Amino acid sequence: MAVIARPRRSVLYMPGSNARALEKGRSLPADGLILDLEDAVAPDAKDTARDQIVAALAAGGYGKREIQIRTNGLNTPWGYADIVAAAKTSADAILLPKVESADTVRQVAAIMEAEAAHADMRIWCMMETPLAMLNAREIAGAHPRLGGFVMGTSDLAKDLNCAHTPDRLPMITSLGLCLLAARAYGLAILDGVHLDLADDAGFAASCTQGRDMGFDGKTLIHPKTIAAANTAFAPAESEIDWARKIIAAYEDAASEGKGVVVVDGKLIENLHVVSAKRLVAMADQIAEMDAA
Ligand SMILES: CC(C)(COP(=O)(O)OP(=O)(O)OC[C@H]1O[C@@H](n2cnc3c(N)ncnc32)[C@H](O)[C@@H]1OP(=O)(O)O)[C@@H](O)C(=O)NCCC(=O)NCCSC(=O)C[C@H](O)C(=O)O
Ligand SMILES: [Mg+2]
């Protein structure tokens with residue numbers, strides 16, 4: 001199953017136990033929402049949170065936003081019931097926490113089949129433990145329902161016993177391994193959260209770093225960060241103009257039987273045009289998303 005390329009600049013977590021947040025999600029300008037049953041929900045609120053998420057999705061109103069339900073793990077008292085309930089909703093994906101093996105993905109896919117989950121519902125994996133990093137490739141290829149990875153950089157820093165520095169150097173290898181596995185298997189991949197809500201400059205820098213590394217977008221914990229993520233992960237006007245320019249120049253050259261062209265002193269080959277077309281297609285989708 002090919003992953004649908006869609007805007008995923010900003011993907012906001014919200015606790016399933018927080019009815020106000022679930023309501024707000026219908027109007028926030030985020031490309032995606034993660035309705036959380038795991039770490040943001042206290043044990044005695046898990047059942048209520050599950051019911052609230054199911055009811056919120058049945059009521060609808062989330063528009064074009066991509067909806068993921070983050071369940072508890074299958075090795076917890078709530079995981080199985082979460083997956084059964086999520087599989088019956090209209091959500092775009094079930095997001096599994098702390099995945100460490102392809103077997104876990106296949107187990108969840110089997111539950112989804114048994115519960116007749118809709119055909120387009122994907123499985124996404126939180127990548128947030130050292131073993132997940134080492135098994136990223138087998139996880140990425142585990143099942144056709146797989147849609148993408150979400151980096152869990154807070155859990156990862158805890159398990160690596162590393163510092164969560166602004167430049168994220170101690171976890172660069174991990175980020176890179178997951179990016180490699182995701183792209184090798186055609187998956188989407190979202191960067192981890194920035195926990196300091198008072199640190200606008202640090203947040204912007206982490207978005208720039210994530211975008212430059214190749215992430216599709218950033219996971220967020222507060223609505224006030226949506227706009228900055230949307231800007232950072234969208235192509236700039238100058239990039240869109242350049243992309244359109246080289247597409248046109250290359251098409252002219254191709255019509256004359258040439259395989260390369262020089263635009264403003266830069267050599268343009270087909271591979272640049274492929275990237276340029278992808279960028280323009282994404283810009284068009286973002287314009288559609290922002291207009292909705
Ligand atoms: C961090 C928060 C607890 C702060 O909440 P609050 O004090 O309510 O913030 P504000 O008063 O500033 O809120 C202003 C309005 O915005 C709404 N709001 C706030 N946060 C959200 C949200 N996440 N989604 C939707 N709406 C939100 C408030 O309701 C206010 O609205 P209004 O009533 O109109 O004024 C809170 O932001 C929060 O709970 N954030 C999410 C935390 C979370 O989900 N954490 C778990 C995910 S991160 C993770 O697990 C990482 C990963 O696994 C890893 O290992 O790295
Ligand atoms: Mg985590």
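These numbers come from the heavy atoms of this one structure, side chains and all, not from hydrogens, waters or symmetry mates. Each ligand, and each atom within it, is numbered from 1 in the order the structure gives. Being a predicted model, the structure only gives us computed values, none of them experimental.
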No-hydrogen, no-angle side-chain donor-acceptor test under 3.5 Å, S101 and D103: no

Distance below 4.0 Å between atom 39 (O) of ligand 1 and any protein heavy atom? yes

State whether the shortest distance between N or O atoms of Y13 and N or O atoms of ligand 1 falls below 3.5 angstrom. yes

For ligand 1, is R70 a contact, meaning one of its heavy atoms is under 4.0 Å away? yes

Would a 4.5 Å heavy-atom cut-off, applied to side chains only, mark K98 and D155 as touching? yes

Would you mind checking which non-hydrogen protein atom is closest to atom 10 (P) of ligand 1, with the distance to 0.1 Å? H222 NE2, 3.5 Å

Using a distance threshold of 2.8 Å, what protein N/O/S atoms lie below it relative to the Mg ion (ligand 2)? E128 OE1, D155 OD2

Test your reading of the structure: does D39 have an N or O sitting under 3.5 Å from an N or O of ligand 1? no

Write down the atom of L190, the atom of F215, and the distance for their closest heavy-atom approach. C-CD2, 3.6 Å

Within the supplied structure, the quantity of interest is the number of heavy atoms (other residues, nucleotides, ligands) at a distance under 6.0 Å from N270 CG; does it exceed 12? yes

Can you find a protein heavy atom under 4.0 Å from atom 8 (O) of ligand 1? no

Are there protein heavy-atom neighbours of atom 27 (C) of ligand 1 below 4.0 Å? yes

Carboxylate-amine/guanidinium proximity below 4.0 Å for R50 and D47: yes

Nearest 0.5 Å, please: how far is CG in L179 from CG in L187? 11.0 Å

Atom 54 (C) of ligand 1: which protein heavy atom is closest, and how many Å away? G152 CA, 3.4 Å

Can G192 be said to touch ligand 1, with heavy atoms closer than 4.0 Å? no

Those atoms of ligand 1 less than 4.0 Å from some heavy atom in R20: 29 (O), 32 (P), 33 (O), 34 (O)

Could you list the atoms of ligand 1 found under 4.0 angstrom from a heavy atom of M126? 52 (C), 53 (O)

Among G16, A40, A30, closest by heavy atom to atom 45 (N) of ligand 1 is A40

Give the atoms of ligand 1, by number and element, whose distance to some non-hydrogen atom of A21 is under 4.0 Å. 24 (N), 25 (C), 26 (N)

I need the nearest protein heavy-atom contact for atom 31 (O) of ligand 1: residue, atom name and distance, please. K24 CD, 3.2 Å

Find the distance between CD (Q107) and CE (M112) and round it off to the nearest 0.5 Å. 13.5 Å

Protein heavy atom at shortest distance from atom 56 (O) of ligand 1: S154 N, 2.8 Å

Exactly one candidate in R8, R183, R211, R278 meets salt bridge (Lys or Arg N to Asp or Glu O under 4.0 Å) with D216; the answer is R183

Is there a polar contact between ligand 1 and I221, counting only N or O atoms under 3.5 Å apart? yes

Is there at least one protein heavy-atom neighbour under 4.0 Å from atom 16 (O) of ligand 1? yes

Residue pairs meeting side-chain hydrogen bond (donor to acceptor under 3.5 Å, both in side chains), one or both in residues 217-237, sequence neighbours left out, come to S10-N230, S206-K218

Kindly indicate whether atom 47 (C) of ligand 1 is approached by any protein heavy atom to under 4.0 angstrom. yes

Measure the shortest side-chain to side-chain distance between L220 and F203 over non-hydrogen atoms and say whether it is less than 4.5 angstrom. yes

D31 side chain vs R9 backbone, donor-acceptor pair below 3.5 Å: yes

Report the residue from L57, L12, V54 that forms a side-chain contact (heavy atoms from CB on, under 4.5 Å) with L35. L57

Which residue owns the protein heavy atom closest to atom 1 (C) of ligand 1, what's the atom, and how far is it? L197 CD1, 4.1 Å

L74 and side-chain contact (heavy atoms from CB on, under 4.5 Å): which partner among D82, V99, I111? I111

P130 and D159: which non-hydrogen atoms are nearest, and at how many Å? CD-CB, 3.4 Å

For Q285 and R6, does a side-chain donor sit closer than 3.5 Å to a side-chain acceptor? no

Within ligand 1, which atoms have a heavy atom of E128 less than 4.0 Å away? 52 (C), 53 (O), 54 (C), 55 (O)

Run the salt-bridge test on K64 and E288 with the 4.0 Å N-O cut-off and return the result as yes or no. yes

Classify the contact between L12 and ligand 1 as side chain, backbone, both or neither, using a heavy-atom distance cut-off of under 4.0 Å. side chain

Ligand 1 contact by P223, heavy-atom criterion under 4.0 angstrom: yes

Roughly how far, to the nearest 0.5 Å, is the CD1 atom of I221 from the CE atom of M14? 12.5 Å

Number the atoms of ligand 1 from 1 as they appear, then name those within less than 4.0 Å of a heavy atom of M14, with their elements. 24 (N), 25 (C)

